[in-house]
Student: 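Structure below; questions to follow.
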Amino acid sequence: MNKTRNTLMALALVGGVAWAGAAAAESHKLPAKQAALTADHFHAKTQIIDDPLDVETVISSERGFHSGKGLFKSPYNDNHLRAIVDKRSGATRFEVRQTLMYPGSVRGYGEVSYQTGQWPVAVPVTKIKDNAGYCFLFEAPEVCREEVSFGVSESELRRAAAAPGAWSFKFKSDRGYEHRTAITHAEIEGLLKAVDGYRRTLPAVQAAADTTSGG
């Protein structure tokens with residue numbers, strides 16, 4: 001009887017530790033200034049890059065918030081959302097872009113794990129650029145810099161925008177380093193509103209809407 005009771009207590013303790021760890025992973029604290037920004041703010045700050053010589057338009061939330069450090073207010077572990085819209089069809093793919101800055105030698109973040117409606121999903125990141133050839137020469141903190149991205153579906157972003165709490169994710173390195181961060185509901189909502197508005201202006205999308213409505 002005592003053995004059974006001790007086993008149950010041990011399982012409960014392990015379960016409690018696991019639950020506490022999961023709760024901690026979901027509660028990444030963003031700067032108060034960033035958390036206070038509204039969806040209307042991000043929508044107003046959305047940048048639409050529409051080059052007539054490209055078949056795709058880029059819609060970015062990058063101007064919505066900058067942490068900024070140093071004399072030149074360089075992005076410091078900032079992230080933002082980008083939507084890439086095909087002008088011919090309205091088909092859209094989404095990505096997160098992340099800047100990572102830290103002291104020491106380059107860490108080489110290669111994977112990201114992000115929240116979904118069920119279990120976390122782990123995917124490889126795309127390396128945009130880094131300063132691996134130079135950062136090891138210095139001893140000043142936050143001199144190493146990596147810029148990476150990863151794709152995410154529109155349905156997942158819409159789910160994240162409707163779920164409680166910020167949308168959390170973490171970057172992982174083969175050297176054992178992790179960097180946890182998040183994006184607010186407001187930023188996701190603001191970008192999606194801009195994407196929806198832009199797509200409604202596309203002839204292919206308008207034609208599809210007319211066909212659906214019988215116009």
Side-chain angles (χ1 to χ4, degrees), residues 11 13-32 34-35 37 39 42 58-62 64-67 69 75-84 92-132 135 141-142 144-192 195:
L11 289 172
L13 179 60
V14 171
V17 170
W19 180 87
E26 295 174 358
S27 58
H28 177 80
K29 188 173 182 180
L30 294 169
Q34 181 180 4
L37 297 173
F42 281 103
V58 175
I59 303 176
S60 171
S61 67
E62 184 175 11
F65 177 78
H66 287 288
S67 60
K69 284 193 89 171
Y76 176 74
N77 291 333
D78 283 350
N79 53 47
H80 65 277
L81 294 165
R82 283 165 49 102
I84 301 92
T92 309
R93 63 184 189 276
F94 293 83
E95 67 177 17
V96 176
R97 290 213 170 181
Q98 178 77 42
T99 300
L100 298 155
M101 296 181 70
Y102 48 83
S105 59
V106 70
R107 296 174 182 177
Y109 288 97
E111 184 180 270
V112 65
S113 179
Y114 63 84
Q115 288 178 321
T116 72
Q118 296 182 330
W119 298 103
V121 169
V123 296
V125 302
T126 297
K127 179 82 69 178
I128 299 171
K129 61 182 178 179
D130 62 37
N131 66 344
C135 69
E142 299 149 13
C144 284
R145 177 187 178 101
E146 296 183 54
E147 292 185 39
V148 298
S149 70
F150 66 94
V152 60
S153 69
E154 180 171 347
S155 60
E156 186 55 43
L157 282 179
R158 293 190 183 278
R159 183 211 63 80
W167 181 50
S168 296
F169 43 97
K170 69 176 179 178
F171 296 91
K172 295 187 285 187
S173 162
D174 288 341
R175 299 178 60 188
Y177 293 100
E178 290 187 354
H179 177 84
R180 295 174 183 266
T181 186
I183 290 179
T184 65
H185 288 173
E187 183 167 352
I188 300 172
E189 292 170 13
L191 181 90
L192 289 174
V195 170

Student: Please report the interatomic distance CD(E111) to CG(D174), rounded to the nearest 0.5 Å.
Tutor: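 So the gap between those two atoms works out to 8.5 Å.
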
Student: Supply the atom-to-atom distance L157 CG to I183 CD1, rounded to the nearest 0.5 angstrom.
Tutor: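 Reported value, rounded in 0.5 Å steps: 8.0 Å.
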
Student: How far apart are the closest heavy atoms of E187 and H80, and which atoms are they?
Tutor: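 So the two residues come closest at OE2-CA, 3.4 Å.
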
Student: Mind listing the closest non-hydrogen atom pair of S60 and L191 along with its distance?
Tutor: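 Smallest heavy-atom distance, with atoms named: C-CD1, 4.0 Å.
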
Student: Tell me whether H185 contacts the main-chain N or O of A162 through its side chain, where contact means a donor paired with an acceptor under 3.5 Å.
Tutor: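 No, because the side chain of H185 does not come within donor-acceptor range (under 3.5 Å) of the backbone of A162.
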
Student: Could you pull out the closest heavy-atom pair between C144 and G104, with the gap in Å?
Tutor: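 Of all heavy-atom pairs spanning C144 and G104, the closest is SG-O, 2.5 Å.
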
Student: Measure the spacing between CG of L81 and CZ of R97 and express it to the nearest 0.5 Å.
Tutor: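 If I round to the nearest 0.5 Å, the distance is 12.0 Å.
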
Student: Relative to each other, are the rings of F171 and F169 parallel, tilted or perpendicular (30° and 60° limits)?
Tutor: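 The arrangement is perpendicular - the two ring planes meet at more than 60°.
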
Student: Can you check side chain to side chain donor-acceptor pair (under 3.5 Å) on S149 and R82, steps first, answer last?
Tutor: CA-CA 10 Å; S149 70; R82 283 165 49 102; over 6 Å; no

Student: Atom CE in M101, atom CG in N77: separation rounded to 0.5 Å?
Tutor: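 Reported to 0.5 Å precision, the distance equals 7.5 Å.
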
Student: Is there a side-chain contact between H179 and Y109 in this structure, where contact means two heavy atoms from C-beta onward sitting under 4.5 Å apart?
Tutor: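 Yes; the side chains approach each other to less than 4.5 Å.
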
Student: For residues 117-129, tabulate all N or O donor-acceptor pairs below 3.5 Å that involve a side-chain atom, not counting sequence neighbours.
Tutor:
from, atom 1, to, atom 2, distance (Å)
K127, NZ, E146, OE1, 2.5

Student: What is the minimum heavy-atom distance between Y102 and R107, and which atoms define it?
Tutor: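 Smallest heavy-atom distance, with atoms named: OH-N, 2.8 Å.
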
Student: Are any side-chain N or O atoms of W167 and backbone N or O atoms of A161, one a donor and one an acceptor, separated by less than 3.5 Å?
Tutor: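 Looks like no, no N/O pair under 3.5 Å.
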
Student: Could you report the tightest heavy-atom contact between A83 and F94, atom names first, then the distance?
Tutor: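 Looking at all heavy atoms of both residues, the shortest contact is CB-CE2, 3.6 Å.
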
Student: Would you call E178 and R180 a salt bridge, taking side-chain N to carboxylate O under 4.0 Å as the test?
Tutor: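 The answer is yes: the pair qualifies as a salt bridge.
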
Student: What heavy-atom pair brings Q34 and F65 nearest, and what distance separates the two atoms?
Tutor: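 Closest approach of Q34 to F65, heavy atoms only: OE1-CE2, 3.5 Å.
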
Student: May I ask you to check whether F150 and Y114 place their ring centers less than 6.0 Å from one another?
Tutor: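 Here the rings of Y114 and F150 have centres that are less than 6.0 Å from each other.
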
Student: Checking salt bridge (Lys or Arg N to Asp or Glu O under 4.0 Å) for the pair R93/E95: CA distance, chi angles, key distance, verdict?
Tutor: CA-CA 7 Å; R93 63 184 189 276; E95 67 177 17; over 6 Å; no

Student: Mind checking whether T92 and I84 have side chains closer than 4.5 Å, heavy atoms only?
Tutor: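 Sidechains of I84 and T92: no contact.
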
Student: Do N79 and T181 pair up side chain to side chain, a donor and an acceptor below 3.5 Å, judged on atom types alone?
Tutor: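 There is such a pair between these side chains.
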
Student: I need the S173 OG to L100 CG distance, nearest 0.5 Å.
Tutor: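 Reported value, rounded in 0.5 Å steps: 10.5 Å.
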
